[in-house]
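First up is the structure itself, then whatever we jot down about it.
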There are 2 protein chains.
Amino acid sequence: MFTGLSAFPLTPLRDDEFDEDAYARLVSRLARSGVDSITALGSTGSYAYLDRAERSRVARSAVQHAGSTPVIVGIGALRTSLVQALADDAQEAGASAVLLAPMSYQPLTDDDVFGLYEDVTADLSIPLVVYDNPGTTHVTFSDDLYARIAELPRVASIKIPPVPSQPAAARQRVQDIRSRIPDHVGIGISGDGSAAVGLAAGCDAWYSVIAGTLPAPALAISRAAHTGDHAAALAESARLQPLWDLFAQFGSLRVTAAIAEHLQLVSTPSLPRPLRGLDADARARIARVVDELDLAA
Amino acid sequence: MFTGLSAFPLTPLRDDEFDEDAYARLVSRLARSGVDSITALGSTGSYAYLDRAERSRVARSAVQHAGSTPVIVGIGALRTSLVQALADDAQEAGASAVLLAPMSYQPLTDDDVFGLYEDVTADLSIPLVVYDNPGTTHVTFSDDLYARIAELPRVASIKIPPVPSQPAAARQRVQDIRSRIPDHVGIGISGDGSAAVGLAAGCDAWYSVIAGTLPAPALAISRAAHTGDHAAALAESARLQPLWDLFAQFGSLRVTAAIAEHLQLVSTPSLPRPLRGLDADARARIARVVDELDLAA
């Protein structure tokens with residue numbers, strides 16, 4: 001479950017309510033596509049904006065429509081006791097694993113972050129993915145902190161931020177992390193534009209934003225990398241550069257939501273306010289890139 | 001209500017539940033002290049960590065125990081619809097005004113932030129304080145954004161981050177903001193160590209962390225500034241420098257919680273996990289500063 005491609009679907013809203021029909025279609029489509037796992041309620045799944053009841057509904061819907069594809073459920077929240085409640089809910093929903101980012105409002109110390117993972121893993125019966133996403137959590141993991149947390153029970157994988165684009169530096173980065181954590185803990189790359197380099201550098205998995213909406217191009221990269229054909233994976237990633245450029249300019253969530261809206265996979269607007277959708281010019285550029293790269297195939 | 005000293009009490013927890021008895025004592029003490037307003041559920045009041053039901057209880061308790069002192073209630077949340085619900089709850093609780101920080105998980109654009117204030121003020125019947133707290137929200141307000149938001153109905157005050165420590169630069173900063181906003185919108189300083197300088201520079205109010213737990217020394221500064229005796233206000237602030245140094249090192253929330261715990265105003269630990277209290281060394285230093293500066297008087 002912690003190797004290959006994990007697809008992060010959007011959690012579409014409609015009139016500020018969870019659009020369960022659209023979500024069921026997104027998840028069923030992912031299950032049919034052959035992704036290795038589905039991560040519900042990642043950052044792309046707007047977990048941080050949804051309340052406990054909504055998140056329980058989303059988790060149950062994901063498990064129901066994923067069929068035999070394992071479902072990982074995001075359980076991040078600002079307060080430890082809520083994270084623990086969300087972990088219970090995810091397990092009751094039938095999640096195969098949970099994903100935990102250390103959300104912050106007051107800046108967290110390393111001991112706060114370690115304590116969060118310690119408190120949560122103490123009561124957990126399924127594996128946990130450590131979610132390092134400094135752009136949203138404003139927590140910076142040191143390698144020492146990775147090492148401390150990776151020793152905790154149930155920790156199965158670490159989702160790391162983009163690695164350096166230069167191949168030797170990327171390999172060194174992955175090797176440095178791996179030398180600090182137990183063998184049974186995997187490393188997954190995030191930052192879609194960095195995925196092919198990360199997989200070539202030895203990451204076990206790709207935690208992918210775009211795969212949650214457009215699984216085909218992500219599977220092309222993931223499968224090539226899995227067979228050791230990193231040249232093909234890098235070539236496909238290079239072909240998608242106009243998409244990665246849009247991610248860099250507008251953020252992967254807003255671009256992916258605009259793609260899903262453009263393809264009418266979800267209704268418009270689908271993001272929770274205060275997040276506004278992109279303007280007409282940006283949407284036109286995105287539609288052009290979707291067409292030119294034949295992403296909707 | 002938007003001039004003078006606004007005191008931000010802690011929201012103490014006990015076994016991860018709102019400690020209403022301790023809170024009632026804190027708020028009653030503030031009301032007796034003569035502060036000009038009480039802001040419940042500010043950052044110091046851990047608003048970001050509490051759910052809607054808890055926040056409603058806190059708001060009602062604050063209004064109940066504040067007597068004739070006006071109560072401002074923090075309504076920040078990641079999702080606009082929750083902010084709107086919290087605004088309704090605050091009004092039902094009898095709040096005199098609300099305080100709104102643009103919490104973020106996904107980075108917000110200026111249009112997102114403006115849209116949040118536009119959506120929330122559209123349905124509001126009481127004044128609103130704009131809460132600019134970049135250290136926790138990761139939103140940077142430009143002066144243009146202040147100007148756009150200050151034009152919205154119900155906006156009554158802007159709580160700004162620390163001004164430059166040099167008096168002329170501080171005056172210039174306050175004047176720059178004032179030149180961009182309507183006359184009826186006040187400016188309040190935050191960052192307690194910066195308060196005396198901010199008041200001397202022309203701020204109308206001080207939104208104070210320490211006043212929520214130790215109103216006396218904050219009132220000494222605020223009252224001196226109010227009578228135009230800025231030399232006395234600056235001298236009192238300089239006397240408190242060891243306290244400001246602790247704030248800078250450990251963060252004002254953790255230090256203030258440690259003070260309240262040391263003085264047995266609240267039980268230990270009082271902060272919501274994952275926030276850990278300070279270690280024994282830091283607590284010993286804090287207790288020494290409280291004694292040496294005679295802060296508990």
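Computation of the quantities below employed the complete heavy-atom set of this structure, encompassing side-chain atoms and omitting hydrogens, waters and symmetry-equivalent molecules. In what follows, chains carry the letters A, B, and so on, assigned in the order in which the sequence lines appear, proteins first and then strands, with residues in each chain numbered from 1.
Rounding to the nearest 0.5 Å gives a distance of 9.0 Å between CD of Glu17(A) and OG of Ser81(B).
Other residues, nucleotides and ligands contribute only 12 or fewer heavy atoms inside 6.0 Å of the CZ atom of Arg14(A).
For the side chain to side chain contact (heavy atoms under 4.5 Å, CB included) test with Leu275(A), the passing option among Leu78(B), Thr80(B), Asp112(B) is Asp112(B); the others fail.
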Open item on the list: Does Phe250(B) form a side chain to side chain contact (heavy atoms under 4.5 Å, CB included) with Thr109(A)? I'd like the steps, not just the answer.
Closed with: CA-CA 10 Å; Phe250(B) 299 112; Thr109(A) 68; over 6 Å; no

TODO: Begin with the C-alpha distance, continue with both residues' side-chain angles, and end with the deciding distance and a verdict on side chain to side chain contact (heavy atoms under 4.5 Å, CB included) for Asp119(B) and Arg273(A).
DONE: CA-CA 9 Å; Asp119(B) 285 344; Arg273(A) 282 200 174 192; 2.7 Å; yes

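Ranking Pro102(A), Pro272(A), Gly115(A) against chain B, the residue ahead of the rest is Gly115(A), based on heavy-atom pairs under 4.5 Å. Of the residues considered (Met103(A), Arg52(A), Glu54(A)), Glu54(A) shows the highest number of contacts with chain B, using heavy-atom pairs under 4.5 Å. For the set Gly251(A), Ser43(A), Gly135(A), the entry with the most heavy-atom pairs within less than 4.5 Å of chain B is Ser43(A).
Tyr105(B) and Tyr47(A) have perpendicular rings, their planes meeting at more than 60° on a 0 to 90° scale where under 30° would count as parallel.
A 4.5 Å side-chain heavy-atom check between Val113(A) and Pro274(B) finds every atom pair outside the cut-off.
Residue contact with chain B, scored on non-hydrogen atoms closer than 4.5 Å, involves the backbone and the side chain of Leu50(A) alike. Of the atoms belonging to Tyr117(A), not a single heavy atom falls under 4.5 Å from chain B. Using a 4.5 Å cut-off between heavy atoms, Arg254(A) touches chain B through its side chain atoms alone. Of the atoms belonging to Leu253(A), it is side-chain heavy atoms, and not backbone ones, that fall under 4.5 Å from chain B. Both the backbone and the side chain of Pro107(A) come within contact range of chain B, with heavy atoms under 4.5 Å apart. In this structure, chain B has a heavy atom under 4.5 Å from the side chain of Leu13(A), while its backbone stays farther away.
A donor-acceptor pair is defined here as one N or O able to donate and one able to accept, closer than 3.5 Å; such a pair exists between the side chain of Arg79(B) and the backbone of Tyr49(A).
Every residue meeting the side-chain hydrogen bond (donor to acceptor under 3.5 Å, both in side chains) condition with Gln249(A), not counting sequence neighbours, appears here in chain and number order: Arg285(A).
Between Arg276(B) and Asp110(A) there is no salt bridge, since none of the side-chain N atoms of the basic residue sits less than 4.0 Å from a carboxylate O of the acidic one.
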